[in-house]
Amino acid sequence: GQNIDQPTEMTATEGAIVQINCTYQTSGFNGLFWYQQHAGEAPTFLSYNVLDGLEEKGRFSSFLSRSKGYSYLLLKELQMKDSASYLCAVSSDGGKLIFGQGTELSVKP
Amino acid sequence: EAGVAQSPRYKIIEKRQSVAFWCNPISGHATLYWYQQILGQGPKLLIQFQNNGVVDDSQLPKDRFSAERLKGVDSTLKIQPAKLEDSAVYLCASSLVGSGGYTFGSGTRLTVV
């Protein structure tokens, strides 16, 4: 079956670093995505990993280990506007995107 | 480039009524997806089209949901009759074949009362 797990919620302090983990078991793997979703809005693309290793993009980095079925999203220098839901998604058979339940991140002053 | 367009933005209906949502994908994107996102959960794939053919509709409740993509461009998703548990945001997304780049529309928030 298809299974993507991530923590339901996390809290962190403004200016700090937070790591959101994601583990997956899917039939087929064409890459792993991280999306940010603010309340009432559509998901917006953050990062894409298809090979093992770390991808860095400004304050956001994403890591993938295909052998372990594991990824994480690292957010540095947290800002209040980073409070949102973070969705881990795997591109599976036929290119369909399978999502985890999302991690609700609250950034406190 | 223009994004994925969806309408309406919000819809409130009574249970047992019918409703339809419309999606216009990014020009040239062959693959179109409909997702259902219940509050507090991640999006769940309902149906995937490639051009005007269905690739995957295994999680579409076919007794009440239907979708079509005539001419391989616009798509409509219909619910008939609606149930209370259909209250959710319905997201449309499109992508180029094999590109891995998915773009989401703003979604339609459906409330069934």
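Reminder, nothing fancy here: chain letters follow the sequence lines and each chain counts from 1. All values below come from the heavy atoms of this structure, side chains included, with hydrogens, waters and symmetry mates left out. These figures come from a predicted structure and were not determined experimentally.
Interface remark: of the candidates B:Pro43, B:Ser106, B:Gly42, B:Gly107, B:Pro43 forms the most heavy-atom pairs closer than 4.5 Å to chain A. Most heavy-atom pairs under 4.5 Å with chain A, from the set B:Val89, B:Val4, B:Asp56: that is B:Asp56. No other option in A:Pro43, A:Gly102, A:Ser85 has as many heavy-atom pairs under 4.5 Å with chain B as A:Pro43.
Between B:Phe104 and A:Ala42, the closest heavy-atom pair is CB-CB, 4.2 Å.
In this structure, the portions of A:Leu97 lying under 4.5 Å from any heavy atom of chain B include both its backbone and its side chain. Neither the backbone nor the side chain of B:Gln6 comes within less than 4.5 Å of any heavy atom of chain A. The part of A:Gln37 that comes within reach of chain B is its side chain, from C-beta onward, which places non-hydrogen atoms under 4.5 angstrom from that chain.
Within the model, atoms CD of B:Gln59 and NZ of A:Lys96 stand 7.0 Å from one another, a figure rounded to the nearest 0.5 Å. Atom OH of B:Tyr102 sits about 7.0 Å away from atom OH of A:Tyr35, to the nearest 0.5 Å.
The cluster map of Ile, Leu, Val, Met, Phe, Trp and Tyr, joined by side-chain heavy atoms under 4.5 Å apart, puts B:Ile79 and B:Tyr35 in different clusters.
The environment of B:Glu85 atom CD is dense: over 12 non-hydrogen atoms of other residues, nucleotides or ligands sit within 6.0 angstrom. Applying the 6.0 Å contact sphere to CD1 of B:Ile12 captures no more than 12 heavy atoms from other residues, nucleotides or ligands. Counted within 6.0 Å of CD on B:Glu68, heavy atoms from surrounding residues, nucleotides or ligands total more than 12; the atom is thus considered enclosed. Within a 6.0 Å sphere centred on CZ of B:Arg16, other residues, nucleotides and ligands contribute 12 heavy atoms or fewer. No more than 12 heavy atoms of other residues, nucleotides or ligands sit less than 6.0 Å from atom CG of B:Leu39. For A:Gln79, the CD atom is densely surrounded, since the number of other residues' heavy atoms within 6.0 Å is greater than 12.
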